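Heavy-atom basis, side chains included; hydrogens, waters and symmetry copies ignored. Because the structure is predicted, anything quoted here is derived from the model rather than measured.
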Amino acid sequence: MTYTQTGDPTIRQHVEAWRQLDVDEQLGLFWFIYEEIGNSITPAAPGASTASSEIAEGLFNQVQELSQEQQLQIQRDLINKVDTQISRQYGSLGDTTKLLFWYLLSQGMDNGTIIGVPSDYQLSSGSQALFSRIQALPFEQQITLFRDYVAPMGAEAKPGAEI
């Protein structure tokens, strides 16, 4: 599993700060980001020229068919790089397709087909500070940040095994 990480030190600092949060806080922050700046991300994710929308949608559909607890566990497993079939499938995707997959998950949370963040959920002070810093980034840096955050998630496909 390879991915390209930007050389921008600001992006790297933001990604590292995000990864220092516990898994549920990372998911919560991702949701808040989607809710706040999702409208500007919308054209970038599905319209990205290197994204394979059919593949992202296929993986999303697999997740969507599961129980809400399983959906949440898959998201946690992706972040924690747990070796599962879905995590290996995700790990084999290109970086932009991974970004699109997370965008589809966020849309699913929005329309109720994917388990959402509890309505009374509050970001911790550290997450809120990081969220504010992310909001202040220019749009292009935000997209690079999101791509660098989601790219290393998932597990590597194993030779001779089911993806």
Are Leu78 and Val23 joined in one hydrophobic group, where the rule is that I, L, V, M, F, W and Y side chains link up if heavy atoms are under 4.5 Å apart? yes
About how many Å separate CG of Leu59 and CG of Leu104, when rounded to the nearest 0.5 Å? 9.5 Å
Could you check Leu29 against Ile33 for side chain to side chain contact (heavy atoms under 4.5 Å, CB included), going step by step and ending with a plain yes or no? CA-CA 6 Å; Leu29 179 57; Ile33 289 170; 3.9 Å; yes
Rounded to the nearest 0.5 Å, what's the gap from CZ on Arg19 to CG on Asp148? Could you check? 7.5 Å
Would Val82 and Leu72 show up in the same hydrophobic cluster when neighbours are defined by side-chain heavy atoms closer than 4.5 Å? no
Per the ring pair (Phe, Tyr, Trp, His ring centres under 6.0 Å) rule, which among Phe30, Phe131, Phe32 passes with Trp18? Phe30
Please tell me whether Glu25 and Ser124 have a donor and an acceptor in their side chains that are separated by less than 3.5 angstrom. yes
Which pair of non-hydrogen atoms, one from Arg133 and one from Ala17, has the smallest distance, and what is that distance? NH2-CB, 4.0 Å
Could you report the tightest heavy-atom contact between Gln75 and Ile115, atom names first, then the distance? NE2-CG2, 4.1 Å
Where the side chain of Asp110 meets the backbone of Ser106, is there a donor-acceptor pair that is under 3.5 Å apart? no
Give the minimum heavy-atom separation between Met109 and Gly116, together with the two atoms involved. CG-CA, 4.1 Å
Please list, chain by chain and in numerical order, all residues satisfying salt bridge (Lys or Arg N to Asp or Glu O under 4.0 Å) with Arg76, sequence neighbours excluded. Asp24, Glu69
CG-CD distance between Leu100 and Glu54, expressed to the nearest 0.5 angstrom: 9.5 Å
Report the C-alpha separation of Phe101 and Tyr90 in whole Å, then their side-chain angles, then the decisive distance to 0.1 Å, and conclude whether the ring-ring contact (aromatic ring centres under 6.0 Å, His included) test is met. CA-CA 9 Å; Phe101 171 75; Tyr90 175 90; 5.7 Å; yes
Measuring only between side-chain heavy atoms, which start at C-beta, is Tyr149 closer than 4.5 Å to Ile134? no
Taking side chain as C-beta onward, heavy atoms only, is Ser127 less than 4.5 Å from Gln26? no
Do you see a donor-acceptor pair shorter than 3.5 Å between the side chains of Gln89 and Gln62? yes
Treating Ile, Leu, Val, Met, Phe, Trp and Tyr as nodes and any side-chain heavy-atom pair under 4.5 angstrom as an edge, say whether Val117 and Ile74 lie in one connected cluster. yes
Just how far is it from atom OG of Ser67 to atom CD of Gln73, taken to the nearest 0.5 Å? 10.0 Å
Do Met153 and Leu66 belong together in a cluster built from hydrophobic side chains that touch within less than 4.5 Å? yes
Check for a donor-acceptor pair, side chain of Gln64 on one end and backbone N or O of Ile114 on the other, with a separation under 3.5 Å. no
Just how far is it from atom CD1 of Ile79 to atom CG of Leu27, taken to the nearest 0.5 Å? 4.0 Å
Hey, do the aromatic rings of Tyr103 and Phe146 have their centres closer than 6.0 Å? no
Any side-chain donor-acceptor pair under 3.5 Å between Tyr34 and Gln107? no
Between Gln20, Gln13, His14, which is the residue that forms a side-chain hydrogen bond (donor to acceptor under 3.5 Å, both in side chains) with Glu16? Gln20
The reported gap from CD in Gln68 to OG1 in Thr113 (rounded to nearest 0.5 angstrom) is 9.5 Å
Could you check, using the six-membered ring where one of them is a Trp, whether Trp31 and Tyr121 have ring centers closer than 6.0 angstrom? no
Indicate yes or no for a side-chain donor-acceptor contact from Gln128 to the backbone of Leu123 under 3.5 Å, with no hydrogens or angles considered. no
Looking only at heavy atoms, the pair that brings Lys98 and Leu93 closest together is CE-O, 3.2 Å
Work out which heavy atom in Arg88 is nearest to a heavy atom in Asp83; give both atom names and the distance. NH1-OD1, 2.5 Å
